[in-house]
Each structure stands twice: as C-alpha cells, then as structure tokens.
Amino acid sequence: MVRISTLLPVFAAMATSQATRLLGRVNPATKELTWSATGISFAFTGTSASVPITSLWGSNSIQMVIDDGAPIVTDNVTGSSIETPTLAKGKHKVEIRKKSEALYGSVTFGDVKVTGGKLEKDKVPKRRMQIIGDSITAGYGLDGVAPCAPSAALENAPKTYAGLTAKNLSADYDIVAWSGVGLLRNYASAGEPDTQPKMPERWTRWGANDADNSYTFPASDTPDIVVVNLGTNDFSYLGVREPMQESTFADAMFAFGSTLRRHYPKAEFFFTSSPMLGDTWPTVEDAQHTTHANAVKSAVKRLGRRTHFVEFPTQGAEVGCDSHPTGATHASMAVILTAAIEDVLH
Ligand SMILES: *[C@@H]1O[C@H](CO)[C@@H](O)[C@H](O)[C@H]1NC(C)=O
Ligand SMILES: *[C@@H]1O[C@H](CO)[C@@H](O)[C@H](O)[C@H]1NC(C)=O
C-alpha cells in the first residue's frame with residue numbers, strides 16, 4: 001500500500017481532490033474557511049477519518065454531520081485536527097461546516113486521512129444557491145435565548161433560513177454574509193464614522209478577508225438561485241442619523257441587483273423583506289418593515305424578469321441574542337423561501 005501510493009503521487013492527489021469538496025465560497029489558493037457555513041465534504045469507506053487543521057485564528061464554531069445524522073458541534077475549534085468518531089465499517093459521508101461567521105475567525109483544513117479504508121467520490125448537488133445578507137443570514141445569536149451576548153458558539157449558519165432552504169432544495173450553497181453590514185450604510189453606531197466596507201464591496205472578495213475584487217467568479221460556482229436579504233442595517237438610525245429614504249434604498253438595491261445579474265445572467269433572483277424590521281418601531285410613521293419591503297419591490301420591478309420579491313414577516317416576541325431571529329423563526333422563513341423558489345423552478 002505505502003509503496004504503491006509513493007509511486008503514484010499524482011494519481012493519489014487527483015483522487016483526493018475529486019473526493020474532497022470545499023463547501024461555500026472558499027478561495028482554492030488558500031482553502032481558508034472564512035464565510036458562514038463554509039466547510040468541507042467527503043465520502044469514505046473505513047472506520048474513521050481525520051481532518052488536519054493547518055491554520056486557525058480567532059473563535060470558530062463548527063458542526064460535523066455524518067451520514068445525515070445529528071450535527072456534532074464544536075463550540076470553539078482548537079488543536080491540530082478534527083476527528084470523526086469510530087464508525088461501523090462501511091461507506092460514510094461527512095460534511096463539516098462553520099456555524100460562525102468570518103468576523104470571529106477562520107480555519108483551514110489539510111488533506112483528509114482515512115483509517116481502515118479510503119476516500120470515495122462524493123456526490124455533487126446539481127443546484128447551487130448564493131445567499132447574500134447580514135447577521136440574519138449569518139445566523140447571529142440563533143442558538144441563544146435573549147438576553148444573551150452574541151458569540152461564535154451561538155451563531156448557526158447551517159440552521160438559518162438560507163441553510164435550511166438549500167437543504168430543502170438539495171442545493172450546494174454559498175453564504176456571503178457579515179453581521180452589521182448594509183447595502184449603503186452599516187449598522188448605526190453612535191459616535192463612530194462608518195468606515196467598514198458595505199456588502200457590494202465585501203461581495204467581491206474570495207475569502208471574507210481577501211482583497212476587494214479577488215473573487216474570480218469561477219464557472220463551477222455559478223449559482224442557479226441568488227437570494228439577497230439586505231437593508232436591516234441600512235434602516236437602523238435611532239439617535240444616530242436620519243432615517244433611510246425608500247427611494248434611496250430602492251436605487252441602491254437596483255444598482256446592486258444589476259451588478260449581480262451581470263455576473264449571473266441565467267440565475268433566478270429572490271430579494272427579501274426583513275424579519276427584524278417592524279411597522280411600529282421606532283415609530284409608526286416610519287413603518288420600517290413596509291417601507292423597506294416597498295423599496296425592495298420597486299427594485300425588483302425595475303430589474304424585471306427572473307427577479308422575485310419574498311416577504312418574510314416581522315418576527316414574533318421570541319428572539320435570540322440582540323433581537324435576532326430564533327431557530328424556529330428561521331425554519332418558518334425557510335418554508336416561505338422554499339415555496340417561493342419552488343414556484344419558480346418547479
Ligand atoms: C477559542 O480558542 C482560541 C484559541 O484557539 C482562543 O484564542 C479564543 O479566545 C477562544 N474563544 C472562546 C470564545 O473561548
Ligand atoms: C423546508 O425546511 C423547513 C425547515 O427546516 C421545513 O419546516 C419545511 O417543511 C421544509 N420543506 C418545505 C417544502 O418547505
């Protein structure tokens with residue numbers, strides 16, 4: 001065995017790259033897992049597998065799903081590898097994904113090692129979704145019960161409406177999300193100028209911490225479905241700045257939507273309202289949920305064919321950390337989004 005594999009290094013490398021797939025938007029040059037729900041997927045025959053950690057920074061919460069079973073969660077990845085438990089001899093499928101987003105940290109995996117067997121070819125889903133958003137799409141505070149302090153461990157991107165909808169549709173998915181991000185302006189914070197990049201800029205990056213315009217739009221990653229859930233942060237203003245105007249936001253959404261369409265001319269686009277905006281807070285006059293939704297609808301109308309508006313209603317009283325949607329709210333959003341997409345795709 002050892003002798004043969006040293007004789008055929010090229011062949012072995014090919015077999016590995018076919019069998020191991022990076023999930024989400026991951027720069028193949030660095031393999032750094034930054035964005036929410038990025039990860040690795042592989043299938044193998046044998047009794048266990050080990051995934052070496054070659055680089056790590058910050059806090060990273062991950063989950064490992066084996067043979068579609070219950071997720072095995074690690075709240076904060078440490079050490080030099082991630083190991084499957086010892087499994088029954090046979091064929092197994094493993095999917096490891098980050099639960100937490102790029103701002104908390106990143107992790108890089110090396111080549112998977114299998115005990116008592118070998119890597120097998122992994123099935124590649126036919127459909128691909130890209131979901132662009134903010135903390136809602138990153139699953140910020142999803143695993144917490146308010147009041148709670150947000151953390152990497154309490155984020156859960158695979159359990160967001162985005163992850164659940166992709167699962168419903170048996171689609172591969174790329175989440176491009178960053179908590180606090182806006183389309184025109186980020187979350188309102190008193191006394192600090194808003195110098196952080198907005199989503200139209202962050203979206204041009206391969207890894208979340210790579211340079212602007214580093215993403216190369218590889219044909220193999222082209223999504224069939226694009227979901228945009230932005231504006232919750234643009235609309236925050238209380239005590240800090242002027243309220244966002246409907247027409248200003250509509251213009252910005254139209255501009256970003258036009259950019260997206262240029263890159264993905266064949267995709268179906270779904271632009272959503274915000275479950276975190278309501279019509280009674282901060283003021284009834286603002287009617288933020290409706291104002292934002294109307295701006296999105298106006299952009300959708302101007303963008304024309306293959307663009308759709310999806311209404312996520314204002315969430316209920318039960319919330320996760322910092323008033324973010326709970327797992328139950330995300331599940332109900334997934335039902336809405338799945339139906340909207342299935343309506344279009346059949
Ligand atoms: C996670 O582990 C890293 C060390 O790898 C440490 O720096 C960090 O503080 C830990 N995060 C939490 C939330 O405990
Ligand atoms: C989609 O996902 C949600 C949440 O996981 C689930 O409740 C729903 O039944 C699924 N299927 C469809 C067709 O919406």
Side-chain angles (χ1 to χ4, degrees), residues 32-34 36-37 51-65 68-83 95-110 125-129 131 133 135-144 148-173 175 179 209 224-225 227 229 268 270 272 275 308 310-313 315-316 318 320-322 324-346:
E32 184 188 6
L33 306 182
T34 58
S36 310
V51 183
I53 295 169
T54 57
S55 169
L56 184 66
W57 76 263
S59 305
N60 297 274
S61 148
I62 62 152
Q63 70 171 37
M64 174 163 57
V65 174
D68 297 318
I72 302 167
V73 170
T74 305
D75 278 344
N76 191 20
V77 175
T78 54
S80 57
S81 67
I82 291 166
E83 312 283 334
E95 192 181 281
I96 300 173
R97 284 188 192 268
K98 283 181 77 186
K99 288 172 68 225
S100 53
E101 69 183 289
L103 65 81
Y104 284 113
S106 74
V107 54
T108 308
F109 296 141
K126 286 201 184 74
R127 273 186 193 148
R128 195 169 183 116
M129 274 176 83
I131 309 95
S135 55
I136 299 169
T137 306
Y140 178 105
L142 188 159
D143 278 346
C148 47
S151 66
L154 294 181
E155 284 200 344
N156 200 335
K159 260 180 91 176
T160 59
Y161 74 91
L164 297 175
T165 300
K167 195 172 173 191
N168 275 347
L169 300 170
S170 304
D172 251 348
Y173 65 104
I175 290 181
S179 287
N209 307 308
D224 310 290
I225 301 155
V227 179
N229 181 348
E268 293 286 345
F270 298 83
T272 81
H308 315 275
V310 178
E311 167 64 17
F312 287 148
Q315 65 187 344
E318 268 175 47
C321 310
D322 293 342
H324 280 71
T326 60
T329 303
H330 276 285
S332 65
M333 291 161 70
V335 174
I336 294 168
L337 183 59
T338 304
I341 296 172
E342 280 182 343
D343 237 26
V344 170
L345 296 187
H346 306 294

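Counting starts at 1 for both ligands and their atoms, in listed order. Computed from a predicted model, the values in this text were never measured in an experiment.
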Distance-only polar pair, side chains of Y161 and S332, donor-acceptor under 3.5 Å: no
Does a donor on one side chain sit under 3.5 Å from an acceptor on the other, for T329 and Q315? no
Residues which pass salt bridge (charged side-chain N to carboxylate O under 4.0 Å, His left out) with E268, listed by chain and number, not counting sequence neighbours: none
Could you pull out all residues at least two apart from D143 that satisfy salt bridge (charged side-chain N to carboxylate O under 4.0 Å, His left out)? K99
Does N168 reach ligand 2 with a nitrogen or oxygen that is under 3.5 Å from one of the ligand's nitrogen or oxygen atoms? yes
The criterion is side chain to side chain donor-acceptor pair (under 3.5 Å); which residues satisfy it with H330, sequence neighbours excluded? none
Would you call V227 and T165 a side-chain contact if the rule is heavy atoms closer than 4.5 Å? no
Close residues (non-hydrogen atom under 4.0 angstrom from ligand 1) work out to G58, S59, N76, T78
